[in-house]
J.: 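Structure provided below as structure tokens; questions to follow.
Positions are given from 1, in the same order as the sequence printed here.
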Amino acid sequence: NRKGMLSVWAYTYHSWELLGLWAWLPAFLTAALVINGAGPAEAAATGLALSALTYVANIAGSIVGGTMADRWGRTQAILLWSSVSLVLSFSIGWLVALPIALLVAIACLHNFSAIADSSVHSTVIAESVPPHILGAAYAVRSVFGFGMGGISPVVFGWALDLAGGGKMSGDAFAWGVAWATLGLGGLLGPLATWKLQKLQR
């Protein structure tokens, strides 16, 4: 049905942004550390450690997002957190030269907001399709969502190279363009959720 497909598409483009973030954040923080004076080997090791730290924010994001969805509505919570995540996708790349502590704090917020609506998407799908096709709906969601999540890091890397950057480059323009590819794909998620919200009224 239409509600089910809108919920699947919303999850699909959410995955584009989220999995691209997870794939490229370590390289991004490594480049930021090089800008801040670290050597390549030290930057690579520290970048991985700092990325792992930011992923801890996912735990809090899932809890807060789910709680908000129960209190204020599923689609409303998705629209809120996906909007915050999109703002960060369109801006974080340009901030690669910030002091590393501030950049890590922003990365934590990005992970928090990007995951906050993830479990809510799954609930919305369950509530949007008839029970007898729920398994098929989740199968389609997984194929589409993880499929997009596998493509977005490739597009990110292609954009980074095309813009003249590289994994250890501190070129804010190149990183800004690359991160924007996640935002551009992710924009379609809130649009699908907004249409779903209108149907539910």
J.: Apply side chain to side chain contact (heavy atoms under 4.5 Å, CB included) to residues Ile92 and Leu103 and explain how you reach the verdict.
T.: CA-CA 8 Å; Ile92 192 171; Leu103 193 60; 4.2 Å; yes
J.: Where is the tightest heavy-atom contact between Leu18 and Ser118, given as atom of each residue plus distance?
T.: CD2-OG, 4.4 Å
J.: Can you see whether Ser15 engages Arg141 through a side-chain donor-acceptor pair at a distance of less than 3.5 angstrom?
T.: no
J.: Which of these passes ring pair (Phe, Tyr, Trp, His ring centres under 6.0 Å) with Trp179: Trp94, Phe156, Trp24?
T.: Phe156
J.: If we only count heavy atoms from C-beta on, is the Glu17 to Leu86 side-chain gap below 4.5 Å?
T.: yes
J.: Val84 vs Phe112, test: side chain to side chain contact (heavy atoms under 4.5 Å, CB included). Steps then yes/no.
T.: CA-CA 10 Å; Val84 173; Phe112 181 100; over 6 Å; no
J.: Linking I/L/V/M/F/W/Y whenever any side-chain heavy atoms sit under 4.5 Å apart, do Met68 and Val120 land together?
T.: no
J.: Show the nearest heavy-atom pair for residues Thr30 and Gly47, with the distance to one decimal.
T.: OG1-CA, 3.9 Å
J.: Between atom OH of Tyr55 and atom CH2 of Trp22, what is the distance when rounded to the nearest 0.5 Å?
T.: 8.5 Å
J.: Within the structure provided, determine whether Phe90 and Leu184 are in side-chain contact (heavy-atom separation under 4.5 Å).
T.: yes
J.: Using every non-hydrogen atom in the two residues, find where Ala163 and Ala174 come nearest and quote the distance to one decimal.
T.: CB-CA, 3.6 Å
J.: May I ask you to decide if Trp81's main-chain N or O and Ser85's side chain share a donor-acceptor pair within less than 3.5 Å?
T.: no
J.: Go through it in stages, so that I can follow the logic: the residues are His121 and Thr193, the test is side chain to side chain contact (heavy atoms under 4.5 Å, CB included), and I'd like the CA-CA distance, side-chain angles, deciding distance and then a yes or no.
T.: CA-CA 9 Å; His121 279 290; Thr193 299; 4.1 Å; yes
J.: Only one of Ile125, Ile78, Thr12 passes side chain to side chain contact (heavy atoms under 4.5 Å, CB included) with Ser7; say which it is.
T.: Ile125
J.: What distance separates Ser128 OG from Leu134 CG, expressed to the nearest 0.5 Å?
T.: 10.0 Å
J.: Does any donor atom in the side chain of Thr54 or Asn111 lie under 3.5 Å from an acceptor atom in the other side chain?
T.: yes
J.: Quick check: do Ile100 and Thr46 have side-chain heavy atoms less than 4.5 Å from each other?
T.: no
J.: Quick check on the hydrophobic clustering: are Phe28 and Val155 connected, directly or via other members, by side-chain heavy-atom contacts under 4.5 Å?
T.: yes
J.: Please determine whether residues Val177 and Trp158 belong to a single hydrophobic cluster, defined as Ile, Leu, Val, Met, Phe, Trp and Tyr linked transitively by side-chain heavy-atom distances below 4.5 Å.
T.: no
J.: Using a 3.5 Å distance criterion without hydrogens, assess whether the side chain of Thr123 forms a donor-acceptor pair with backbone atoms of Ser119.
T.: yes
J.: Any non-hydrogen side-chain atom of Lys3 less than 4.5 Å from a side-chain atom of Val129?
T.: no
J.: Where do Leu29 and Ser51 come nearest, in terms of heavy atoms and distance?
T.: CD1-OG, 3.5 Å
J.: Output the distance between atom CG (Leu6) and atom CG (Leu199), rounded to the nearest 0.5 Å.
T.: 6.0 Å
J.: Working to the nearest 0.5 Å, report the span between CG of Leu48 and CG of Leu53.
T.: 12.5 Å
J.: Linking Ile, Leu, Val, Met, Phe, Trp and Tyr through side-chain heavy atoms less than 4.5 Å apart, which residues share a cluster with Ile63?
T.: Val56, Ile59
J.: List the atom of Ala32, the atom of Val96, and the distance in Å for their closest heavy-atom pair.
T.: CB-O, 3.5 Å
J.: Search all heavy atoms of Ser62 against all heavy atoms of Ile115 and return the closest pair with its distance.
T.: OG-CG1, 3.6 Å
J.: Can you check whether His110's main-chain N or O pairs, donor with acceptor, with Ser113's side chain at less than 3.5 Å?
T.: yes
J.: Examine distances only and state if a side-chain atom of Tyr11 and a backbone atom of Phe144 form a donor-acceptor pair shorter than 3.5 Å.
T.: no
J.: For the pair Asp117 (side chain) and Ala77 (backbone), establish whether a donor and an acceptor sit closer than 3.5 Å, ignoring hydrogens and angles.
T.: no
J.: If two hydrophobic side chains count as joined below 4.5 Å and joins carry through other members, does Val124 share a cluster with Leu188?
T.: no
J.: If you define the side chain from C-beta out and look only at heavy atoms, does anything of Gln76 sit under 4.5 Å from Leu80?
T.: no
J.: Measure the shortest side-chain to side-chain distance between Thr181 and Ser152 over non-hydrogen atoms and say whether it is less than 4.5 angstrom.
T.: no
J.: If Ile, Leu, Val, Met, Phe, Trp and Tyr residues are connected whenever their side-chain heavy atoms lie under 4.5 Å apart, and connections chain through other members, are Phe146 and Val8 in the same group?
T.: yes
J.: Give a yes or no answer on whether the side chain of Tyr13 reaches the backbone of Pro190 with a donor-acceptor pair at less than 3.5 Å.
T.: no
J.: Using modelled atom types only, decide if a donor and an acceptor are shared between the side chain of Trp16 and the backbone of Leu187 within a distance under 3.5 Å.
T.: no
